[in-house]
There are 2 protein chains.
Amino acid sequence: MPTRAQHKTLNFIRHFIARHDCAPTLSEIAAGLGLRSKGSLHKHVQALAEAGYLKIRSGQQRGIELTRFAEQQLHSLPLLGRIAAGQPIEAIPGEDTLNLTEFLLGPDRFALRVTGDSMIDAGILDGDTVIVERRDTADDGAIVVALVDNGEATLKRLRKRGDRIELIPANTAYPPLIYPANRVQIQGVLVGQLRTYP
Amino acid sequence: MPTRAQHKTLNFIRHFIARHDCAPTLSEIAAGLGLRSKGSLHKHVQALAEAGYLKIRSGQQRGIELTRFAEQQLHSLPLLGRIAAGQPIEAIPGEDTLNLTEFLLGPDRFALRVTGDSMIDAGILDGDTVIVERRDTADDGAIVVALVDNGEATLKRLRKRGDRIELIPANTAYPPLIYPANRVQIQGVLVGQLRTYP
DNA sequence: CTTGACCGTTCTCCATTCGTTCTCTATCCT
DNA sequence: AGGATAGAGAACGAATGGAGAACGGTCAAG
(Lines give C-alpha, C1' and ligand atoms only; values in the text may rest on other atoms or scores of the structure.)
Protein backbone atom coordinates (compact mmCIF):
# COMPACT_ATOMS: atom_id res chain seq x y z
CA MET A 1 0.00 0.00 0.00
CA PRO A 2 1.79 3.15 -1.17
CA THR A 3 2.00 6.32 0.83
CA ARG A 4 0.52 9.50 -0.57
CA ALA A 5 3.75 10.75 -2.06
CA GLN A 6 4.37 7.35 -3.59
CA HIS A 7 0.90 7.34 -5.04
CA LYS A 8 1.38 10.70 -6.67
CA THR A 9 4.72 9.57 -8.01
CA LEU A 10 3.27 6.40 -9.52
CA ASN A 11 0.44 8.30 -11.12
CA PHE A 12 2.79 10.80 -12.67
CA ILE A 13 4.97 8.05 -14.05
CA ARG A 14 1.98 6.32 -15.62
CA HIS A 15 0.76 9.48 -17.27
CA PHE A 16 4.21 10.36 -18.46
CA ILE A 17 4.68 6.98 -20.09
CA ALA A 18 1.26 7.21 -21.69
CA ARG A 19 2.21 10.54 -23.19
CA HIS A 20 5.81 9.98 -24.16
CA ASP A 21 6.22 6.25 -24.69
CA CYS A 22 9.29 6.33 -22.53
CA ALA A 23 9.94 6.65 -18.84
CA PRO A 24 10.69 9.97 -17.15
CA THR A 25 13.93 10.80 -15.40
CA LEU A 26 13.91 11.54 -11.72
CA SER A 27 14.35 15.22 -12.47
CA GLU A 28 11.36 15.21 -14.79
CA ILE A 29 9.24 13.58 -12.14
CA ALA A 30 10.42 16.14 -9.64
CA ALA A 31 9.56 18.98 -12.00
CA GLY A 32 6.18 17.45 -12.74
CA LEU A 33 5.36 17.14 -9.06
CA GLY A 34 6.69 20.57 -8.21
CA LEU A 35 9.73 19.39 -6.31
CA ARG A 36 13.09 21.12 -6.41
CA SER A 37 15.13 18.10 -5.51
CA LYS A 38 15.21 14.48 -6.50
CA GLY A 39 16.74 13.16 -3.33
CA SER A 40 13.61 11.80 -1.77
CA LEU A 41 12.10 10.80 -5.08
CA HIS A 42 14.67 8.10 -5.42
CA LYS A 43 13.46 6.58 -2.19
CA HIS A 44 9.84 6.62 -3.35
CA VAL A 45 10.59 5.04 -6.69
CA GLN A 46 12.65 2.41 -4.92
CA ALA A 47 9.79 1.70 -2.56
CA LEU A 48 7.34 1.39 -5.46
CA ALA A 49 9.66 -1.08 -7.11
CA GLU A 50 9.86 -3.15 -3.95
CA ALA A 51 6.09 -3.10 -3.68
CA GLY A 52 5.86 -4.50 -7.19
CA TYR A 53 4.43 -1.51 -9.01
CA LEU A 54 7.59 -0.78 -10.97
CA LYS A 55 10.70 -2.43 -12.22
CA ILE A 56 13.97 -0.56 -12.24
CA ARG A 57 16.86 -1.26 -14.54
CA SER A 58 19.46 -0.14 -12.08
CA GLY A 59 21.96 2.46 -13.17
CA GLN A 60 20.37 3.03 -16.54
CA GLN A 61 18.82 6.33 -17.42
CA ARG A 62 15.07 6.31 -17.85
CA GLY A 63 15.23 2.81 -16.44
CA ILE A 64 11.75 2.70 -14.97
CA GLU A 65 9.29 0.14 -16.27
CA LEU A 66 5.71 -0.44 -15.33
CA THR A 67 4.84 -3.96 -14.35
CA ARG A 68 2.62 -5.96 -16.63
CA PHE A 69 -0.44 -5.35 -14.52
CA ALA A 70 -0.02 -1.59 -14.44
CA GLU A 71 0.70 -1.58 -18.16
CA GLN A 72 -2.33 -3.61 -19.09
CA GLN A 73 -4.49 -1.22 -17.14
CA LEU A 74 -2.91 1.68 -18.92
CA HIS A 75 -4.02 0.77 -22.43
CA SER A 76 -7.42 -0.72 -21.82
CA LEU A 77 -10.92 0.35 -21.01
CA PRO A 78 -13.63 -1.79 -19.51
CA LEU A 79 -16.03 -2.77 -22.26
CA LEU A 80 -19.33 -2.84 -20.48
CA GLY A 81 -21.65 -4.10 -23.19
CA ARG A 82 -23.99 -3.05 -25.94
CA ILE A 83 -26.22 -0.05 -25.86
CA ALA A 84 -29.17 0.57 -28.11
CA ALA A 85 -32.09 2.86 -28.37
CA GLY A 86 -34.64 1.77 -25.85
CA GLN A 87 -32.76 -1.24 -24.55
CA PRO A 88 -30.85 -1.79 -21.36
CA ILE A 89 -27.10 -2.25 -21.52
CA GLU A 90 -26.46 -5.84 -22.40
CA ALA A 91 -23.19 -7.47 -21.43
CA ILE A 92 -21.07 -8.95 -24.18
CA PRO A 93 -20.14 -12.45 -23.08
CA GLY A 94 -16.45 -13.26 -23.13
CA GLU A 95 -15.39 -9.76 -24.07
CA ASP A 96 -14.96 -7.30 -21.28
CA THR A 97 -11.84 -5.33 -22.09
CA LEU A 98 -11.08 -3.05 -24.98
CA ASN A 99 -7.38 -2.77 -25.65
CA LEU A 100 -6.84 0.27 -27.83
CA THR A 101 -3.39 -0.80 -28.80
CA GLU A 102 -4.57 -4.06 -30.30
CA PHE A 103 -7.69 -2.46 -31.66
CA LEU A 104 -6.22 0.27 -33.79
CA LEU A 105 -2.46 0.01 -34.06
CA GLY A 106 -0.55 -2.01 -36.58
CA PRO A 107 2.44 -1.89 -38.87
CA ASP A 108 2.43 0.57 -41.77
CA ARG A 109 -0.41 2.57 -40.37
CA PHE A 110 -0.69 6.30 -40.00
CA ALA A 111 -3.31 8.86 -39.07
CA LEU A 112 -4.92 11.71 -40.96
CA ARG A 113 -7.25 14.50 -39.87
CA VAL A 114 -10.31 14.82 -42.06
CA THR A 115 -11.50 18.18 -43.28
CA GLY A 116 -14.68 18.65 -45.24
CA ASP A 117 -17.92 16.76 -45.33
CA SER A 118 -17.55 14.70 -48.46
CA MET A 119 -17.76 11.39 -46.56
CA ILE A 120 -20.51 12.38 -44.19
CA ASP A 121 -22.92 9.61 -45.22
CA ALA A 122 -20.29 7.05 -44.24
CA GLY A 123 -20.19 8.52 -40.75
CA ILE A 124 -16.90 10.34 -41.35
CA LEU A 125 -17.29 13.91 -40.20
CA ASP A 126 -15.21 17.05 -40.44
CA GLY A 127 -12.50 16.89 -37.79
CA ASP A 128 -12.49 13.12 -37.42
CA THR A 129 -9.22 11.24 -37.39
CA VAL A 130 -8.88 8.29 -39.72
CA ILE A 131 -6.33 5.52 -39.51
CA VAL A 132 -4.94 4.37 -42.82
CA GLU A 133 -2.91 1.31 -43.66
CA ARG A 134 -0.38 1.94 -46.37
CA ARG A 135 -1.14 -0.26 -49.35
CA ASP A 136 -1.09 0.24 -53.12
CA THR A 137 -4.08 -1.91 -53.95
CA ALA A 138 -7.56 -2.13 -52.49
CA ASP A 139 -10.70 -4.17 -52.87
CA ASP A 140 -13.66 -2.81 -54.74
CA GLY A 141 -15.85 -0.85 -52.35
CA ALA A 142 -13.16 -0.03 -49.80
CA ILE A 143 -12.57 3.52 -48.60
CA VAL A 144 -9.13 4.60 -49.73
CA VAL A 145 -6.70 7.48 -49.70
CA ALA A 146 -6.06 8.05 -53.40
CA LEU A 147 -3.70 10.33 -55.23
CA VAL A 148 -4.88 11.73 -58.56
CA ASP A 149 -2.17 12.75 -61.06
CA ASN A 150 0.37 12.71 -58.24
CA GLY A 151 -1.09 15.90 -56.91
CA GLU A 152 -4.30 15.67 -54.94
CA ALA A 153 -4.98 13.24 -52.13
CA THR A 154 -8.58 12.47 -51.29
CA LEU A 155 -10.50 10.10 -49.09
CA LYS A 156 -13.16 8.34 -51.12
CA ARG A 157 -14.89 5.05 -51.69
CA LEU A 158 -13.23 3.04 -54.47
CA ARG A 159 -15.11 1.50 -57.33
CA LYS A 160 -13.31 -0.35 -60.11
CA ARG A 161 -14.98 -0.31 -63.51
CA GLY A 162 -12.65 -2.11 -65.91
CA ASP A 163 -9.88 0.33 -66.82
CA ARG A 164 -11.65 3.17 -65.10
CA ILE A 165 -11.60 4.00 -61.43
CA GLU A 166 -14.42 5.82 -59.70
CA LEU A 167 -13.81 7.76 -56.50
CA ILE A 168 -17.20 8.12 -54.91
CA PRO A 169 -17.92 10.62 -52.12
CA ALA A 170 -20.35 9.57 -49.43
CA ASN A 171 -22.33 12.76 -49.84
CA THR A 172 -25.00 13.18 -52.47
CA ALA A 173 -24.02 16.84 -52.84
CA TYR A 174 -20.74 15.82 -54.48
CA PRO A 175 -20.40 14.00 -57.80
CA PRO A 176 -18.29 10.87 -58.26
CA LEU A 177 -14.84 11.41 -59.75
CA ILE A 178 -14.07 9.15 -62.69
CA TYR A 179 -10.54 8.67 -63.97
CA PRO A 180 -8.61 6.24 -66.14
CA ALA A 181 -6.88 3.75 -63.86
CA ASN A 182 -3.37 5.00 -64.64
CA ARG A 183 -4.08 8.47 -63.25
CA VAL A 184 -5.09 7.18 -59.82
CA GLN A 185 -2.63 5.88 -57.29
CA ILE A 186 -3.84 4.27 -54.08
CA GLN A 187 -1.90 5.32 -51.02
CA GLY A 188 -3.72 3.40 -48.36
CA VAL A 189 -6.90 1.81 -47.12
CA LEU A 190 -9.08 3.07 -44.30
CA VAL A 191 -8.86 0.68 -41.37
CA GLY A 192 -10.03 2.75 -38.45
CA GLN A 193 -11.56 5.98 -37.37
CA LEU A 194 -11.88 7.91 -34.17
CA ARG A 195 -13.39 11.06 -32.83
CA THR A 196 -13.30 12.96 -29.58
CA TYR A 197 -16.07 15.05 -28.12
CA PRO A 198 -15.30 18.20 -26.14
CA MET B 1 12.23 0.66 -23.51
CA PRO B 2 14.17 3.11 -25.61
CA THR B 3 16.20 6.04 -24.39
CA ARG B 4 15.15 9.48 -25.47
CA ALA B 5 17.47 9.72 -28.45
CA GLN B 6 16.44 6.25 -29.53
CA HIS B 7 12.82 7.19 -29.22
CA LYS B 8 13.22 10.30 -31.34
CA THR B 9 15.11 8.27 -33.90
CA LEU B 10 12.44 5.60 -34.07
CA ASN B 11 9.69 8.16 -34.41
CA PHE B 12 11.48 9.90 -37.24
CA ILE B 13 11.95 6.62 -39.06
CA ARG B 14 8.26 5.82 -38.72
CA HIS B 15 7.24 9.19 -40.12
CA PHE B 16 9.73 8.92 -42.94
CA ILE B 17 8.51 5.49 -43.98
CA ALA B 18 4.89 6.57 -43.73
CA ARG B 19 5.60 9.47 -46.05
CA HIS B 20 8.07 8.04 -48.51
CA ASP B 21 7.39 4.31 -48.37
CA CYS B 22 11.09 3.65 -48.10
CA ALA B 23 13.54 3.82 -45.25
CA PRO B 24 15.74 6.84 -44.66
CA THR B 25 19.52 6.82 -44.76
CA LEU B 26 21.49 7.60 -41.65
CA SER B 27 22.35 11.01 -43.03
CA GLU B 28 18.72 11.76 -43.68
CA ILE B 29 17.84 10.83 -40.13
CA ALA B 30 20.65 13.00 -38.84
CA ALA B 31 19.46 15.94 -40.91
CA GLY B 32 15.88 15.38 -39.78
CA LEU B 33 16.89 15.34 -36.14
CA GLY B 34 19.24 18.29 -36.46
CA LEU B 35 22.44 16.32 -35.94
CA ARG B 36 25.69 17.10 -37.70
CA SER B 37 27.12 13.64 -37.44
CA LYS B 38 25.83 10.14 -37.95
CA GLY B 39 28.32 8.45 -35.70
CA SER B 40 26.06 8.08 -32.72
CA LEU B 41 22.99 7.51 -34.84
CA HIS B 42 24.34 4.17 -35.91
CA LYS B 43 24.53 3.13 -32.29
CA HIS B 44 20.93 4.11 -31.69
CA VAL B 45 19.65 2.29 -34.74
CA GLN B 46 21.65 -0.74 -33.74
CA ALA B 47 20.22 -0.61 -30.23
CA LEU B 48 16.69 -0.31 -31.60
CA ALA B 49 17.32 -3.35 -33.75
CA GLU B 50 18.59 -5.32 -30.78
CA ALA B 51 15.54 -4.30 -28.80
CA GLY B 52 13.36 -5.66 -31.58
CA TYR B 53 11.91 -2.43 -32.92
CA LEU B 54 13.75 -2.57 -36.22
CA LYS B 55 15.30 -5.04 -38.57
CA ILE B 56 18.46 -4.12 -40.41
CA ARG B 57 19.51 -5.61 -43.71
CA SER B 58 23.15 -5.25 -42.88
CA GLY B 59 25.34 -3.43 -45.34
CA GLN B 60 22.49 -2.51 -47.62
CA GLN B 61 21.53 1.07 -48.18
CA ARG B 62 18.17 2.12 -46.79
CA GLY B 63 18.12 -1.29 -45.14
CA ILE B 64 15.92 -0.41 -42.17
CA GLU B 65 12.59 -2.13 -41.64
CA LEU B 66 10.02 -1.56 -38.93
CA THR B 67 8.78 -4.58 -37.07
CA ARG B 68 5.27 -5.33 -35.99
CA PHE B 69 6.51 -5.13 -32.44
CA ALA B 70 7.39 -1.46 -32.84
CA GLU B 71 3.87 -0.45 -33.76
CA GLN B 72 2.34 -2.36 -30.90
CA GLN B 73 4.85 -1.30 -28.33
CA LEU B 74 4.50 2.37 -29.08
CA HIS B 75 1.07 3.69 -28.43
CA SER B 76 1.05 6.26 -31.13
CA LEU B 77 0.78 6.63 -34.85
CA PRO B 78 2.44 9.16 -37.11
CA LEU B 79 -0.10 11.88 -37.79
CA LEU B 80 0.72 12.92 -41.32
CA GLY B 81 -1.63 15.82 -41.79
CA ARG B 82 -5.03 16.82 -43.04
CA ILE B 83 -6.84 15.28 -45.95
CA ALA B 84 -9.75 16.80 -47.77
CA ALA B 85 -11.61 16.38 -50.98
CA GLY B 86 -9.49 17.72 -53.79
CA GLN B 87 -6.55 18.85 -51.68
CA PRO B 88 -3.13 17.39 -51.14
CA ILE B 89 -2.18 16.15 -47.71
CA GLU B 90 -1.20 19.13 -45.68
CA ALA B 91 1.08 18.82 -42.70
CA ILE B 92 -0.22 19.97 -39.34
CA PRO B 93 2.41 22.19 -37.82
CA GLY B 94 3.48 21.32 -34.32
CA GLU B 95 1.40 18.17 -34.17
CA ASP B 96 2.84 15.11 -35.75
CA THR B 97 2.03 12.21 -33.46
CA LEU B 98 -1.29 10.79 -32.42
CA ASN B 99 -1.07 9.17 -29.04
CA LEU B 100 -4.06 6.89 -28.66
CA THR B 101 -3.58 6.45 -24.97
CA GLU B 102 -3.59 10.15 -24.32
CA PHE B 103 -6.30 10.71 -26.92
CA LEU B 104 -8.97 8.40 -25.60
CA LEU B 105 -8.11 7.00 -22.21
CA GLY B 106 -8.86 8.59 -18.91
CA PRO B 107 -10.05 7.82 -15.43
CA ASP B 108 -13.66 6.78 -15.04
CA ARG B 109 -14.11 5.96 -18.69
CA PHE B 110 -15.58 2.86 -20.23
CA ALA B 111 -16.54 1.59 -23.66
CA LEU B 112 -19.83 0.50 -25.17
CA ARG B 113 -20.74 -1.14 -28.46
CA VAL B 114 -23.50 0.66 -30.30
CA THR B 115 -26.37 -1.24 -31.88
CA GLY B 116 -29.04 0.41 -33.95
CA ASP B 117 -29.06 3.47 -36.13
CA SER B 118 -30.73 6.03 -33.89
CA MET B 119 -27.64 8.28 -33.81
CA ILE B 120 -26.72 7.96 -37.46
CA ASP B 121 -26.96 11.67 -38.25
CA ALA B 122 -24.31 12.33 -35.59
CA GLY B 123 -21.98 9.95 -37.40
CA ILE B 124 -22.50 7.15 -34.87
CA LEU B 125 -23.21 3.97 -36.77
CA ASP B 126 -24.33 0.48 -35.88
CA GLY B 127 -21.32 -1.43 -34.57
CA ASP B 128 -19.29 1.59 -33.52
CA THR B 129 -17.61 1.69 -30.14
CA VAL B 130 -18.20 4.74 -27.99
CA ILE B 131 -16.15 5.85 -25.02
CA VAL B 132 -18.12 7.26 -22.14
CA GLU B 133 -16.97 9.17 -19.11
CA ARG B 134 -18.91 8.32 -16.00
CA ARG B 135 -20.68 11.44 -14.78
CA ASP B 136 -24.12 12.18 -13.37
CA THR B 137 -24.59 15.60 -14.94
CA ALA B 138 -24.08 16.89 -18.44
CA ASP B 139 -24.25 20.13 -20.38
CA ASP B 140 -27.20 20.89 -22.58
CA GLY B 141 -26.60 19.49 -26.04
CA ALA B 142 -24.12 16.80 -25.02
CA ILE B 143 -24.56 13.20 -26.08
CA VAL B 144 -25.18 11.09 -23.01
CA VAL B 145 -25.87 7.60 -21.79
CA ALA B 146 -29.14 8.00 -19.94
CA LEU B 147 -31.19 5.61 -17.86
CA VAL B 148 -34.95 6.01 -17.95
CA ASP B 149 -36.91 4.73 -14.95
CA ASN B 150 -33.89 2.72 -13.86
CA GLY B 151 -34.50 0.31 -16.67
CA GLU B 152 -33.51 1.33 -20.16
CA ALA B 153 -30.16 2.80 -21.13
CA THR B 154 -29.94 4.76 -24.33
CA LEU B 155 -27.45 6.92 -26.15
CA LYS B 156 -29.05 10.23 -27.04
CA ARG B 157 -28.45 13.94 -27.29
CA LEU B 158 -29.53 15.73 -24.12
CA ARG B 159 -31.73 18.78 -24.09
CA LYS B 160 -32.83 20.37 -20.84
CA ARG B 161 -36.18 22.16 -20.88
CA GLY B 162 -36.86 23.38 -17.37
CA ASP B 163 -38.03 20.39 -15.34
CA ARG B 164 -38.29 18.26 -18.45
CA ILE B 165 -35.53 16.41 -20.18
CA GLU B 166 -35.56 15.60 -23.87
CA LEU B 167 -33.55 12.70 -25.24
CA ILE B 168 -33.16 13.40 -28.93
CA PRO B 169 -32.09 10.77 -31.44
CA ALA B 170 -29.92 11.89 -34.32
CA ASN B 171 -32.17 10.22 -36.83
CA THR B 172 -35.29 11.88 -38.21
CA ALA B 173 -37.02 8.51 -38.33
CA TYR B 174 -37.17 8.41 -34.51
CA PRO B 175 -39.10 10.83 -32.31
CA PRO B 176 -37.56 12.65 -29.34
CA LEU B 177 -38.24 11.12 -25.94
CA ILE B 178 -39.54 13.59 -23.37
CA TYR B 179 -39.56 12.82 -19.65
CA PRO B 180 -39.84 14.67 -16.38
CA ALA B 181 -36.34 15.24 -15.03
CA ASN B 182 -36.75 12.87 -12.08
CA ARG B 183 -37.28 9.86 -14.33
CA VAL B 184 -34.02 10.31 -16.21
CA GLN B 185 -30.66 9.49 -14.72
CA ILE B 186 -27.46 10.37 -16.58
CA GLN B 187 -24.85 7.65 -16.47
CA GLY B 188 -22.14 9.24 -18.53
CA VAL B 189 -21.14 11.62 -21.28
CA LEU B 190 -19.84 10.64 -24.69
CA VAL B 191 -16.18 11.63 -24.96
CA GLY B 192 -14.89 9.48 -27.79
CA GLN B 193 -15.83 7.14 -30.54
CA LEU B 194 -14.02 4.65 -32.71
CA ARG B 195 -14.67 2.29 -35.55
CA THR B 196 -12.70 -0.33 -37.40
CA TYR B 197 -13.06 -1.29 -41.01
CA PRO B 198 -12.59 -4.87 -42.17
C1' DC C 1 33.46 -2.98 -66.74
C1' DT C 2 34.93 1.15 -64.48
C1' DT C 3 34.20 5.00 -61.74
C1' DG C 4 32.60 8.04 -58.35
C1' DA C 5 29.12 9.54 -55.34
C1' DC C 6 26.57 7.77 -51.69
C1' DC C 7 26.09 5.18 -47.60
C1' DG C 8 26.90 2.00 -43.59
C1' DT C 9 30.28 0.98 -40.17
C1' DT C 10 33.69 1.81 -36.71
C1' DC C 11 36.61 4.45 -33.81
C1' DT C 12 38.14 8.14 -30.54
C1' DC C 13 37.31 12.20 -27.84
C1' DC C 14 34.41 15.07 -25.06
C1' DA C 15 30.27 17.38 -22.82
C1' DT C 16 26.12 16.59 -20.69
C1' DT C 17 22.63 14.11 -18.39
C1' DC C 18 21.12 11.20 -14.95
C1' DG C 19 20.99 7.70 -11.10
C1' DT C 20 22.74 7.20 -6.71
C1' DT C 21 24.10 8.40 -2.15
C1' DC C 22 24.69 11.36 1.67
C1' DT C 23 23.55 14.90 5.16
C1' DC C 24 20.55 18.14 7.10
C1' DT C 25 15.96 20.09 7.89
C1' DA C 26 10.76 20.43 7.96
C1' DT C 27 6.22 18.43 8.63
C1' DC C 28 2.79 15.27 10.11
C1' DC C 29 0.62 11.88 13.12
C1' DT C 30 -0.41 9.06 17.00
C1' DA D 1 8.29 13.97 22.48
C1' DG D 2 9.53 10.71 18.96
C1' DG D 3 9.28 8.18 14.92
C1' DA D 4 7.74 8.11 10.20
C1' DT D 5 7.44 10.71 6.08
C1' DA D 6 9.08 14.10 2.92
C1' DG D 7 12.00 17.60 0.87
C1' DA D 8 16.47 20.47 -0.15
C1' DG D 9 20.90 20.50 -1.71
C1' DA D 10 25.35 18.84 -3.02
C1' DA D 11 28.59 15.67 -4.91
C1' DC D 12 30.28 11.59 -7.58
C1' DG D 13 30.58 8.21 -11.14
C1' DA D 14 28.37 5.88 -14.81
C1' DA D 15 25.50 6.12 -18.82
C1' DT D 16 24.34 8.64 -22.75
C1' DG D 17 24.71 11.22 -26.84
C1' DG D 18 27.11 14.04 -30.10
C1' DA D 19 31.25 15.58 -33.23
C1' DG D 20 34.42 14.36 -36.43
C1' DA D 21 37.18 11.48 -39.24
C1' DA D 22 38.42 7.42 -41.68
C1' DC D 23 37.49 3.01 -44.10
C1' DG D 24 35.18 -0.04 -47.13
C1' DG D 25 30.95 -1.63 -49.40
C1' DT D 26 26.90 -0.61 -52.60
C1' DC D 27 24.77 1.05 -56.56
C1' DA D 28 23.84 3.42 -60.69
C1' DA D 29 25.63 6.19 -64.52
C1' DG D 30 28.98 6.40 -68.10
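Throughout, a chain's letter reflects where its sequence line sits, starting with A, and its residues are numbered from 1.
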Q. What's the NE2-P distance between H42(A) and dC12(D), to the nearest Å?
A. 18 Å
Q) Parallel, tilted or perpendicular for F12(A) and F16(A), by the 30°/60° rule? A) tilted
(Q) With a 4.0 Å cutoff (strictly under), does any side-chain N or O of R4(B) reach OP1 or OP2 of dC18(C)? (A) yes
**Q.** Separation of atom CD in Q6(B) from atom P in dT16(D), rounded to whole Å
**A.** 8 Å
Q | Spacing between Q46(B) atom CD and dG8(C) atom P, to the nearest angstrom | A | 12 Å
(Q) With heavy-atom distances below 4.5 Å as the criterion, would you say the side chains of Q187(A) and V132(A) are in contact? (A) no
Q. NA contact type, Q61(A), heavy-atom cut-off 4.0 Å: base, sugar-phosphate, or nothing?
A. base
Q: With DNA chain C as reference, determine whether K43(A) or S27(A) sits nearer its 5' end, using the nearest nucleotide of each.
A: S27(A)
Q. Out of dG7(D), dT20(C), dC7(C), which has the shortest distance to the side chain of H44(A)?
A. dG7(D)
Q.
Could you check whether any side-chain N or O of R82(B) sits under 3.5 Å from a backbone N or O of R113(A), counting only pairs where one atom can act as donor and the other as acceptor?
A. no
Q | Presence of T25(B) side-chain N/O under 4.0 Å of dC6(C) phosphate oxygens OP1/OP2 | A | no
Q. Is the shortest heavy-atom distance from the side chain of D21(B) to the side chain of D136(A) under 4.5 Å?
A. no
Q: Take atom CG of L48(A) and atom P of dA6(D), then tell me their distance rounded to the nearest Å.
A: 10 Å
Q. Q60(A) or G34(B): which one's nearest nucleotide on DNA chain D is closer to the 5' end?
A. Q60(A)
Q) What integer distance in Å separates K55(B):NZ from dG8(C):P? A) 19 Å
Q. Do R157(B) side-chain atoms and A170(B) backbone N/O form a donor-acceptor pair below 3.5 Å?
A. no
Q: Can you tell me the distance, in whole Å, between the CD1 atom of I64(A) and the P atom of dT20(C)?
A: 9 Å
Q: Classify the nucleic acid contact of G59(A) as base, sugar-phosphate or nothing, counting any heavy atom under 4.0 Å across all strands shown.
A: sugar-phosphate
Q. Which is true for S40(A) with a 4.0 Å heavy-atom rule: it touches a base, it touches only sugar-phosphate, or it touches nothing?
A. base
**Q.** Among dT20(C), dT9(C), dG18(D), the one nearest L26(B) by side-chain distance
**A.** dT9(C)
Q: Please state how far atom CG in L41(A) lies from atom C1' in dA6(D), giving the value in whole angstrom units.
A: 10 Å
Q: Kindly indicate whether the side chain of S37(A) and the base of dG9(D) share any N or O donor-acceptor pair separated by less than 3.5 Å?
A: yes
Q: Can you tell me the distance, in whole Å, between the CG atom of L35(A) and the P atom of dT5(D)?
A: 17 Å
